[in-house]
Amino acid sequence: YRMAAEPTIRVGLAKIESGSMTFVSTEDIYHLVENGGVILELNKGISATLSYSGGVYRYQDAQGQNHSSNTYLRLEPANDSDAIFELGGGFERDITWKGRTAFDTYRGVVELRLASDSARTLYAINGLAKEHYTAGVAEVSNSAPTAFLQSMAVLSRTYAHFIKGTNKHADRYFDVVAHTGDQLYLGTTIEETTPNYLAAAHETRGEMVTYDGN
């Protein structure tokens, strides 16, 4: 079975309980996009603050640009869909059993968006290629046998593809959550600390488990 194009996935990275987070791109120019149109351009290495309060989303950057809207905030890379960015401020992901490293670098698109569920939680959401998502899953030790790492990469990819086809997180506007409610996903930092698993993900690129054609 072959897909016409590489699938993407939307990941709920973290709750932004402070109502605000910072963003900086390390690899590409980013566009603030609203309703499919580009509102403004943010240069590489320039910090921006994304926030929500009182029913209004607000954007402000170190270039002196400001924008406010009732629509969620979305930043897209201008040239490289796999570009890496860093989140900070109210965004915190310190996973103690993974060495207390700040897991704050990710690839692709980022949104600050309020869920429509009863909790009305504010989330940082990451949109990226499913292969990069698979490479950033952190469910295994780097020292595990190669065949085990390859099997886990296939299963992680399969699970993500299956869950994307459900409505598990529909009212939160993402496909999977980044903690173990689905799979622990830690972005590009874990790619650096588990190179054997990263190699296993590359070696099994695109492979998933099917049964009866499903």
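S18 and G90 make their closest contact through OG-CA, 3.4 Å (heavy atoms, listed as atom of the first residue, atom of the second, distance). Contact record, I190 with K98: CD1-CD, 4.4 Å, taken as the closest heavy-atom pair. Contact between A135 and A201 at its shortest, heavy atoms only, is CA-CB, 4.1 Å. Counting all heavy atoms, side chain and backbone alike, Q183 lies closest to S156 at OE1-CA, 3.0 Å. Of all non-hydrogen atoms in P77 and G108, the two that sit nearest each other are CD-O, 3.5 Å. Taking each heavy atom of R172 and I125 in turn, the nearest pair found is O-CD1, 3.7 Å.
One distance of note links NE2 of H161 with NZ of K130; it measures 5.0 Å at 0.5 Å rounding. Atom CD of residue E76 and atom CG of residue L42 lie 13.5 Å apart, to the nearest 0.5 angstrom. Taken to the nearest 0.5 Å, the CG atom of L50 stands 9.5 Å off from the CD1 atom of I16. With rounding to the nearest 0.5 Å, the separation of CG in L13 from CG in L186 is 10.0 Å. With values rounded to the nearest 0.5 angstrom, T188 atom OG1 is found 4.5 Å from I84 atom CD1. For the atom pair L155 CG and T204 OG1, the distance stands at 9.5 Å (nearest 0.5 Å).
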In sequence, state the C-alpha distance, the side-chain angles, and the governing distance for R120 and L114, and then conclude on side-chain contact (heavy atoms from CB on, under 4.5 Å).
-> CA-CA 6 Å; R120 302 290 287 171; L114 191 70; 3.3 Å; yes

Please lay out, stage by stage, how I95 and F103 fare under the test side-chain contact (heavy atoms from CB on, under 4.5 Å).
-> CA-CA 8 Å; I95 313 299; F103 295 97; 3.6 Å; yes

Intermediate values then yes/no, side-chain contact (heavy atoms from CB on, under 4.5 Å), F174 and V176 = CA-CA 6 Å; F174 50 78; V176 293; 5.8 Å; no

Residue pair V209, V154: steps toward the side-chain contact (heavy atoms from CB on, under 4.5 Å) verdict | CA-CA 7 Å; V209 179; V154 172; 3.8 Å; yes

Worked check of side chain to side chain donor-acceptor pair (under 3.5 Å) between Y173 and S116 = CA-CA 8 Å; Y173 306 112; S116 61; 3.2 Å; yes

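With hydrophobic clusters built from ILVMFWY side chains whose heavy atoms lie under 4.5 angstrom apart, M208 does not share a cluster with F148. In the hydrophobic cluster analysis, where Ile, Leu, Val, Met, Phe, Trp and Tyr join through side-chain heavy atoms closer than 4.5 angstrom, I46 is grouped apart from V24. Cluster annotation: Y72 is not connected to V177 through the hydrophobic network of ILVMFWY side chains, with a link wherever side-chain heavy atoms come within less than 4.5 Å. Connection of I29 to F23 is not established within any shared hydrophobic cluster, with ILVMFWY side chains joined at heavy-atom distances below 4.5 Å, either directly or through further cluster members. F162 and V11 end up in the same hydrophobic cluster when Ile, Leu, Val, Met, Phe, Trp and Tyr side chains are linked at under 4.5 Å.
D104 places no side-chain N or O within donor-acceptor distance of the main-chain N or O of E86, the cut-off being under 3.5 Å. Under the 3.5 Å distance criterion, the side-chain polar atoms of Q63 are matched with a main-chain donor or acceptor of E41. Counting only distance, with no hydrogens or angles, the side chain of N66 and the backbone of Q60 share no donor-acceptor pair below 3.5 Å. Here the side chain of H31 pairs no donor or acceptor atom with the backbone of V33 at under 3.5 angstrom.
A heavy-atom distance below 4.5 Å is not found between the side chains of D61 and T49. Between F85 and V110 there is a side-chain heavy-atom pair separated by less than 4.5 Å. The side-chain heavy atoms of S69 and R58, taken from C-beta on, include no pair separated by under 4.5 Å. The side-chain heavy atoms of H169 and K164, taken from C-beta on, include no pair separated by under 4.5 Å. Put simply, the side chain of M152 reaches to within 4.5 Å of the side chain of E139, judged on heavy atoms. The shortest distance between side-chain heavy atoms of I39 and Y59 does not fall below 4.5 Å. L75 has its side chain out of reach of V109: every pair of non-hydrogen atoms, C-beta onward, lies at least 4.5 Å apart. When side chains are defined from C-beta on, Y197 counts as touching V137, because their heavy atoms get closer than 4.5 Å.
At a threshold of 4.0 Å, the pair R113-E111 counts as salt-bridged, since one of the basic side-chain nitrogens sits closer than that to a carboxylate oxygen. K168 has a carboxylate O that lies under 4.0 Å from a charged side-chain N of D182, or vice versa, which qualifies the two as a salt bridge. The pair E191-R107 counts as a salt bridge, with a side-chain nitrogen and a carboxylate oxygen less than 4.0 angstrom apart. Contact check on E6 versus R205 returns a salt bridge, with a Lys/Arg side-chain nitrogen under 4.0 Å from an Asp/Glu carboxylate oxygen.
Ring-centre distance between Y185 and Y133: below the 6.0 Å cut-off.
Aromatic ring orientation, Y106 versus F91: perpendicular (interplanar angle above 60°, classes split at 30° and 60°).
Checking E203 against Q150 by side-chain atom types alone, a donor-acceptor pair falls below 3.5 Å. At a cut-off of 3.5 Å, with distance as the only test, no side-chain donor of R74 or Y30 sits close to an acceptor on the other residue. Side-chain atoms of S47 and T22 form no donor-acceptor pair, as typed in the model, at a separation below 3.5 Å. In this structure, a donor-acceptor pair under 3.5 Å is absent between the side chains of E131 and H202.
For the side chain to side chain contact (heavy atoms under 4.5 Å, CB included) with D28, the lone residue among D80, N43, D82 that qualifies is D80.
Atom NZ of K44 sits in a sparse spot, with 12 or fewer heavy atoms from other residues, nucleotides or ligands closer than 6.0 Å.
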